[in-house]
Protein chains: 2
Amino acid sequence: MRIVTWNVNGIRAAIRKGIDKFFDKIDADVWMLQEVRCLSEQLPKDWSLPEGTEMILHPAEKKGYSGVATISRIEMQELGRGMKGKLDPQDSEGRVLVTRHNDVVLVNTYLPSGSSKEERQQYKETWMDQWREFIRPLLDSDDVVIVAGDLNIAHTENDIWNPKGNAKSSGFLPHEREWFSDLLSEGWHDLFREHVGPDEKIFSWWSNRGQARAKDRGWRIDYLLGNKAARERMKSVEIDRQGGLEVSDHAPVILDIHSS
Amino acid sequence: MRIVTWNVNGIRAAIRKGIDKFFDKIDADVWMLQEVRCLSEQLPKDWSLPEGTEMILHPAEKKGYSGVATISRIEMQELGRGMKGKLDPQDSEGRVLVTRHNDVVLVNTYLPSGSSKEERQQYKETWMDQWREFIRPLLDSDDVVIVAGDLNIAHTENDIWNPKGNAKSSGFLPHEREWFSDLLSEGWHDLFREHVGPDEKIFSWWSNRGQARAKDRGWRIDYLLGNKAARERMKSVEIDRQGGLEVSDHAPVILDIHSS
DNA sequence: CTTGGTATG
DNA sequence: CATAACAAG
């Protein structure tokens, strides 16, 4: 079974740039997309989902902003939207979508960015704490649980091109990195990192400014985190850098798990 | 002496699309541009005016909106901005710029559009009346006086592709057309119309919607109006339809006058 | 630098 | 349908 997370940075732009080619090429069972920036009714009329798939789209209330969607070619059951917490009980920003696909539970997540203003950084941090609480009960499930998406945090110095220069950047602040470490201490597995080992510097996002993409000045902020059952079923994880060139400023992160 | 009026629909876009080619090709002494939608400091750093010319730019206060500019390769003296009336004494929308070029006085005008909402139609009509008062004293000048620009009104049935279907459209309302007739009764000469005669249907603007440009479904709303002295010096007037294809949704209107 | 929304024409 | 500002990332 193949599961992918991808921040598409506007699904309509992604469609124009040929996202379909990647749907075909990567041939996944489930796609968790973030930042779709689109309501269902805004999808181009002449576009259709990959053959045999269905999509659950959970948009933000604000048009053209945020929003996640999960596309599946295996039976999909919606388990919920949002975190039911006090911060944003209706998940008006379209950031969390939970689905079940047989014995696999997926939490498609788009964690807020804090880089625009201090107020949003505060929001991000409150959100982070609430999300950690929200996913905690899933840790001990016997189901394969994968919480994945754009978490807007690079964890280690090997998850960012220039750790020194970004020590004060939102997304690489010491307490954000600690929060991430705590998450792993609780029992979540950073599947890509565990698959490739601690030393690889491989990124999933590159700024559009300057020559960041060409010079591979990126960050790894797109994750697949798994519980014990997921870790045991993991076969391989890779990042398709090509998708981060042609379609989005993020690359798809691809997980293969052994069948049950 | 060659004098041109042209609504460029954003001078920065016009520069990208090759307005310089038209500066060279048409080789005018004075250009009256409307809808420059630009402050001086926003002009591209790598762009320069045609050799030997100077420009007076009178922008709107609101960024990216309206604004007129006059470019001259002969000595130019600024006579004033705005109409000094009560409607908009500072001409905050950048709609009127008066210049002198030896014995020629030019009133570069961008008359408000009324098509967005009724409130703007009211504004347009008040503006029209005030402008007529403003230019009236220039009628009896011994100088050549040319009031020109985008007047946002098609005068006769030969100034619009579909007079029947537009009888209720702002820009072709009966009272707007009457206002135009009154202007001519006062003594202003519609130089293009007097040059080509009453029967020609030649337009200066085409909507960007549909196939209006391809099907020549246009309006003549860009004018050069002259006083008696101007009428006597008139040699020819033509509309360069090519400029309305390659650079703007409006075409340049070109006046040649005999030298004094 | 790019997305998408909006105001204006 | 196009220009340009803007908010957001």
Side-chain angles (χ1 to χ4, degrees), chain A residues 7-17 34-39 42-44 59-67 93 95 110-117 119-121 123-124 150 152 169-171 205-214 217 219 221-222 244-245 247-250, chain B residues 7-17 34-39 42-44 59-67 93-95 110-117 119-121 123-124 150 152 169-171 205-214 217 219 221-222 244-250:
Chain A
N7 176 320
V8 294
N9 191 24
I11 195 169
R12 284 169 290 178
I15 289 167
R16 283 197 302 272
K17 298 187 202 161
Q34 300 88 38
E35 240 191 317
V36 292
R37 303 172 73 167
C38 190
L39 309 172
Q42 294 178 305
L43 285 167
E61 278 170 14
K62 189 203 280 203
K63 276 175 122 184
Y65 180 70
S66 186
E93 296 192 356
R95 297 191 176 276
Y110 177 39
L111 203 144
S113 163
S115 60
S116 62
K117 43 178 191 272
E119 179 190 329
R120 288 302 288 177
Q121 180 63 24
Y123 185 81
K124 174 182 184 178
D150 177 353
N152 265 316
S169 304
S170 170
W205 171 77
W206 302 263
S207 167
N208 270 321
R209 304 165 214 199
Q211 297 304 106
R213 184 66 186 78
R217 296 180 168 177
W219 300 41
I221 58 181
D222 300 277
L245 240 182
V247 172
S248 169
D249 50 346
H250 294 249
Chain B
N7 177 320
V8 294
N9 191 25
I11 195 168
R12 284 169 290 177
I15 289 167
R16 283 198 301 274
K17 298 189 204 159
Q34 298 88 39
E35 242 191 317
V36 291
R37 304 172 71 169
C38 189
L39 309 172
Q42 294 178 306
L43 285 166
E61 277 170 15
K62 189 203 279 202
K63 276 175 123 186
Y65 180 70
S66 186
E93 295 193 354
R95 296 190 176 277
Y110 179 37
L111 203 144
S113 164
S115 59
S116 62
K117 45 180 188 272
E119 181 190 328
R120 288 301 289 177
Q121 179 64 26
Y123 185 80
K124 175 182 183 177
D150 177 353
N152 265 315
S169 305
S170 171
W205 171 76
W206 303 263
S207 166
N208 270 322
R209 303 166 214 200
Q211 297 303 106
R213 184 64 186 79
R217 296 180 168 177
W219 301 41
I221 58 181
D222 301 277
L245 241 182
E246 294 182 28
V247 171
S248 169
D249 50 347
H250 294 249

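If you're wondering where the values come from, they're calculated on a predicted model, not measured in any experiment. We name chains A, B, ... by the order of the sequence lines, and we start the count at 1 in each one.
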Open item on the list: Under 3.5 Å for both pairing distances: what stems, at least three Watson-Crick or G-U pairs long, include DNA chain C?
Closed with: C:1-4 with D:6-9, C:6-9 with D:1-4
- [ ] Please evaluate the base of D:dG9 for a donor-acceptor partner in the side chain of A:Arg120 within a cut-off of under 3.5 Å?
- [x] no
Open item on the list: Under 4.0 Å, heavy atoms only, any strand: does A:Gln42 hit a base, just the sugar-phosphate, or nothing?
Closed with: sugar-phosphate
Open item on the list: Please determine whether a side-chain nitrogen or oxygen atom of A:Arg217 lies at a distance below 4.0 Å from atom OP1 or OP2 of C:dC1.
Closed with: no
Task: d(CG, B:Asp249; C1', C:dT8) in whole Å - done: 12 Å
Open item on the list: Less than 4.0 angstrom between a side-chain N/O of B:Lys17 and OP1 or OP2 of D:dT3, yes or no?
Closed with: yes
Open item on the list: Taking any heavy-atom pair under 4.0 Å as a contact, classify B:Arg213: base, sugar-phosphate, or nothing.
Closed with: nothing
TODO: Check whether any side-chain nitrogen or oxygen of B:Arg12 sits under 4.0 Å from OP1 or OP2 of D:dA2, and answer yes or no.
DONE: no
Open item on the list: Checking contacts here: which listed nucleotide (D:dG9, C:dG4, C:dG9) is nearest the side-chain heavy atoms of B:Arg95?
Closed with: C:dG9
TODO: Could you list the residues that satisfy side chain to side chain contact (heavy atoms under 4.5 Å, CB included) with B:Leu39, not counting sequence neighbours?
DONE: B:Glu41, B:Gln42, B:Pro59, B:Lys63
Open item on the list: Both A:Asn208 and A:Ala14 contact DNA chain C. Taking the nearest nucleotide for each, which residue is further toward the 5' end?
Closed with: A:Asn208
Task: Sugar-phosphate, base or nothing in reach of A:Gln211, heavy atoms under 4.0 Å - done: nothing
Open item on the list: Using OP1 and OP2 only, check whether a side-chain N or O of A:Tyr65 sits under 4.0 Å from D:dG9.
Closed with: yes
Open item on the list: Between the base of D:dG9 and the side chain of A:Arg209, is one N or O donor paired with an acceptor at under 3.5 angstrom?
Closed with: yes
Task: Any residue meeting side chain to side chain donor-acceptor pair (under 3.5 Å) with B:Tyr65, in chain and number order, not counting sequence neighbours - done: B:Arg95, B:Arg120
TODO: Give the ring-plane orientation class for A:Trp205 versus A:His250, where under 30° counts as parallel, over 60° as perpendicular and anything between as tilted.
DONE: tilted
TODO: Scan B:Ser115 against the nucleic acid and name what it touches under 4.0 Å (heavy atoms): base, sugar-phosphate only, or nothing.
DONE: nothing
TODO: Round to a whole Å and report the spacing from CH2 of B:Trp205 to P of D:dC1.
DONE: 14 Å
TODO: Check side chain to side chain donor-acceptor pair (under 3.5 Å) between B:Asn152 and all other residues, then give those that pass, not counting sequence neighbours.
DONE: none
Open item on the list: Given D:dA2, D:dA4, D:dG9, identify the nucleotide with an atom nearest to the side chain of B:Arg16.
Closed with: D:dA4
Task: Partners meeting side chain to side chain donor-acceptor pair (under 3.5 Å) with B:Ser207 (sequence neighbours left out) - done: none
Open item on the list: Taking the minimum atom-to-atom distance to the side chain of A:Lys63, which one of C:dG9, C:dG4, C:dT6 wins?
Closed with: C:dT6
Open item on the list: If you compare every side-chain N and O of A:Ser116 against the phosphate oxygens of D:dA8 (OP1, OP2), does one of them come in below 4.0 Å?
Closed with: no
Open item on the list: Is it the case that the side chains of A:Arg37 and A:Asn9 hold a donor-acceptor pair, with the cut-off being a distance below 3.5 Å and no angle test?
Closed with: yes
Open item on the list: With a cut-off of less than 4.0 Å, is there a side-chain N or O of B:Lys62 near OP1 or OP2 of C:dA7?
Closed with: no
Task: Given DNA chain C, 5'-ward residue of the pair A:Val36 and B:Glu35, judged by closest heavy atom - done: A:Val36
- [ ] Output all residues satisfying side chain to side chain contact (heavy atoms under 4.5 Å, CB included) with B:Glu119, sequence neighbours left out; order by chain, then residue number.
- [x] B:Lys117
Open item on the list: For a quick test of reading the model: is some side-chain N or O of B:Lys117 closer than 4.0 Å to OP1 or OP2 of C:dG9?
Closed with: no
Task: Side chains of A:Tyr110 and A:Asp150 in contact at under 4.5 Å (non-hydrogen atoms) - done: yes
